[in-house]
Amino acid sequence: MLCFFSKKENSSGKVPRDLACRETVVTLTGCSQAVIENYRSILKLTEEEIIVSTFSGKLTIMGKNLEIPWYTMEEMTVTGKISRIIPER
């Protein structure tokens, strides 16, 4: 996905790049929690693997005791022992 975004727009605070380009943002806290923003849907959910559809492909989270305790249409929290996060285009 191509996204044309000027530095002037970004520095002025009008529209953040992740929102303007619909980029997926993953915030990892240690190995026990990941917050995923700007996703499309949950494709697979097991205790060892979660696959999420994003606007540019897929995001795979691997680990043990994985679960999604909270989610909305725009954001989700994944908890458990996260061992690997694999973005795919």
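Position 1 is the first residue of the sequence; numbering continues from there.
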Which heavy atom of [X] sits nearest to which heavy atom of [Y], and what is that distance?
X	Y	answer
Ile42	Leu45	CG2-CB, 4.3 Å
Leu28	Ala34	CD1-CB, 4.0 Å
Thr54	Lys58	OG1-N, 3.8 Å
Glu49	Thr60	OE2-CG2, 3.6 Å

* Measure the CZ-CZ distance between Phe55 and Arg40 for me, rounded to the nearest 0.5 Å. =>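 Here the rounded value is 5.5 Å.
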
* To do: With sequence neighbours left out, write down each residue that passes side-chain hydrogen bond (donor to acceptor under 3.5 Å, both in side chains) with Lys81, or none if nothing qualifies.
  =>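 With sequence neighbours excluded, Lys81 shows a side-chain hydrogen bond (donor to acceptor under 3.5 Å, both in side chains) to no residue whatsoever.
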
* To do: Please confirm whether the backbone N or O of Tyr39 pairs with a side-chain atom of Thr24, one donor and one acceptor, at under 3.5 Å?
  =>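 Pair absent, no side-chain N/O of Thr24 close to backbone of Tyr39.
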
* Asked: side-chain contact (heavy atoms from CB on, under 4.5 Å) between Thr27 and Glu37: does it pass, once the steps are laid out?
  -> CA-CA 8 Å; Thr27 305; Glu37 300 173 65; 4.3 Å; yes

Give the table of side-chain donor-acceptor pairs shorter than 3.5 Å for residues 61-77, with sequence neighbours excluded, one pair per line with atom names and distance.
from  : atom 1 : to    : atom 2 : distance (Å)
Thr72 : OG1    : Glu74 : N      : 3.3
Thr72 : OG1    : Glu75 : N      : 3.2
Thr72 : OG1    : Glu75 : O      : 3.4

* To do: List the steps and the verdict of side-chain contact (heavy atoms from CB on, under 4.5 Å) for Lys44 and Ile50.
  => CA-CA 5 Å; Lys44 182 178 181 180; Ile50 296 173; over 6 Å; no

* Asked: side-chain contact (heavy atoms from CB on, under 4.5 Å) between Val26 and Ile85: does it pass, once the steps are laid out?
  -> CA-CA 9 Å; Val26 180; Ile85 298 176; 4.1 Å; yes

* **Full working for side-chain contact (heavy atoms from CB on, under 4.5 Å) between Leu59 and Ile51** => CA-CA 6 Å; Leu59 182 71; Ile51 301 176; over 6 Å; no

